[in-house]
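Note sheet for the following structure.
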2 protein chains.
Amino acid sequence: MKPVTFTCKGNSVDPNEIGQLSVEACKKRLAELSKGLAHPTRVEIVRMLENKPLEERCVCGDIVNALPLAQSSVSQHLKVLKETGWIQGEIDGPRVCYCTVGGIMEYYLALIKRSLKGE
Amino acid sequence: MKPVTFTCKGNSVDPNEIGQLSVEACKKRLAELSKGLAHPTRVEIVRMLENKPLEERCVCGDIVNALPLAQSSVSQHLKVLKETGWIQGEIDGPRVCYCTVGGIMEYYLALIKRSLKGE
DNA sequence: ATCGTTTATCGTAGATGTACGATAATAAGG
DNA sequence: CCTTATTATCGTACATCTACGATAAACGAT
């Protein structure tokens, strides 16, 4: 039985896993995630998705409509955010429902602390 | 009377100032600082400077020696870090003593929280 | 003044980023 | 099957990034 509202659950990350990464891996991962945030449009997208209530799905089209960019440009930004590990998309019929990777902000915060301080 | 050890003090930032920024300004600033960290070499430089003891100065040449890059390439990364607000340099004779902007990590952490959550 | 040290800047080449319109791909509905 | 809706990808143009060697600029010391 298919639910009426499609909520995006998917993958999540755990800040505790950071301790197992090598210092070198930490730096690379931090640089990668930072690249994801290195454009105001992408900050806005992550912000949007991070503040969505769980029961409210966020479809690609909603994101496009909320931004003053062409659909193809938004799609490119979404791709960067997916590749750098900030968001994930679940296909729902002809649509794609996007959400942030679970706990990614806390993960990023922990990664900064571990990468910039310590050792 | 000139001190024997040259310590880099300079500017600092206060996370409390973030509350005064507009949301739009927050996003731009976060994107900018993120761009600074968006390369492993620059993460390493910030890490080096952030972990230096106060009495130990960090001259440009030390940074160059610690990295497997040409001097001109390191200089470019330092420029990016300066422009994005992570570090500052003080001229000391023929040398330049670099250090992080005071409290910049805490500022960045606070900026992430304010920009991605809230409102 | 000249020299050596240190750092920034220039010039260049190749890769990547950013924006757009056009087109392809996928799925639902008739 | 054909159309519509939705999203990804392609092709393109221009800007920015990243690396290097070469050169310039600033300063201390001889």
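Only heavy atoms go into these numbers, but all of them, side chains included; no hydrogens, no water, no symmetry mates. Everything quoted here is computed from the prediction, not taken from an experiment. Each chain gets a letter, A, B and so on, in the order the sequences are listed, and its residues count up from 1.
Enclosure of atom NZ in A/Lys28 is not indicated, since only 12 or fewer non-hydrogen atoms of other residues, nucleotides or ligands lie within 6.0 angstrom. For B/Glu24, the CD atom sits in a loose shell: 12 or fewer heavy atoms of surrounding residues, nucleotides or ligands are nearer than 6.0 Å.
Judged purely by atom type and a 3.5 angstrom limit, B/Arg42 uses its side chain to pair as donor or acceptor with the backbone of B/Gly36. The closest donor-acceptor contact from the side chain of A/Gln88 to the backbone of A/Asn11 lies under 3.5 Å. Between the side chain of A/Trp86 and the backbone N or O of A/Thr100, no donor-acceptor pair lies under 3.5 Å.
To the nearest 0.5 Å, atoms CG (A/Leu67) and OG (A/Ser73) are separated by 10.0 Å.
A salt bridge does not link A/Arg47 with A/Glu50: every distance from a Lys NZ or Arg NE/NH1/NH2 to an Asp or Glu carboxylate oxygen is 4.0 Å or more. With respect to the salt-bridge test (charged N to carboxylate O, under 4.0 angstrom), the residues B/Glu32 and B/Lys35 do not qualify.
Within the structure, every side-chain polar atom (N or O) of A/Arg42 is placed at least 4.0 Å from both OP1 and OP2 of C/dG17. Of the side-chain N and O atoms in B/His77, none sit less than 4.0 angstrom from OP1 or OP2 of D/dC17. At D/dA8, one or more side-chain N or O atoms of A/Ser75 fall inside 4.0 Å of OP1 or OP2 (strictly under the cut-off). Residue A/Tyr98 places none of its side-chain N or O atoms closer than 4.0 Å to OP1 or OP2 of D/dT6. Put simply, A/Lys35 has no side-chain N or O that comes within less than 4.0 Å of OP1 or OP2 on D/dC17. Residue A/Ser73 places at least one side-chain N or O under 4.0 Å from the OP1 or OP2 atom of C/dC20.
When the nucleotides D/dT18, C/dT7, C/dT9 are ranked by their closest atom to the side chain of B/Ser72, C/dT9 comes out on top.
The only option from B/Ile45, B/Val59, B/Leu78 that meets the side chain to side chain contact (heavy atoms under 4.5 Å, CB included) definition with B/Tyr98 turns out to be B/Leu78.
In this structure, B/Ile45 places its CD1 atom 13 Å from P of C/dT7, rounding to the nearest Å. Here the P atom of nucleotide D/dA8 and the CD atom of A/Gln88 are 14 Å apart, to the nearest Å. Summarising the geometry, the separation between CG on A/Leu81 and C1' on C/dG17 is reported as 14 Å, rounded to the nearest angstrom. Here D/dC17 presents its P atom at 15 Å from CG of B/Leu78, a figure rounded to the nearest Å. For the pair A/Glu90 CD and D/dT7 P, the interatomic distance rounds to 14 Å; values are reported in whole Å. As a whole-Å value, the separation of B/Lys79 NZ from D/dA25 P is 15 Å. The CZ atom of B/Arg95 sits 13 Å away from the P atom of D/dC27 (whole-angstrom rounding). Look at CD on B/Glu83: it is 12 Å from P on D/dT18, rounded to the nearest Å.
Within residues 59-71 of chain B, the residues that have a heavy atom under 4.0 Å from DNA chain D are, in order of number, B/Leu69, B/Ala70.
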Go through the steps to decide whether B/Leu69 and B/His77 satisfy the test side chain to side chain contact (heavy atoms under 4.5 Å, CB included), and finish with yes or no.
CA-CA 10 Å; B/Leu69 289 178; B/His77 281 302; 4.0 Å; yes

Criterion side chain to side chain contact (heavy atoms under 4.5 Å, CB included) on A/Cys60 and A/Arg95, from CA distance to verdict
CA-CA 7 Å; A/Cys60 174; A/Arg95 279 167 263 265; over 6 Å; no

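DNA chain D forms stems at C:1-30 with D:1-30, each a run of 3 or more consecutive Watson-Crick or G-U wobble pairs whose two key distances fall under 3.5 Å.
Not a single donor-acceptor contact under 3.5 angstrom links the side-chain atoms of A/Gln76 to the base of D/dA8.
In this structure the side chain of A/Met105 never reaches within 4.5 angstrom of the side chain of A/Val46, judged on heavy atoms.
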So which protein nitrogen or oxygen atoms get under 3.5 Å of nucleotides 25-27 of chain C's nitrogens or oxygens?
none

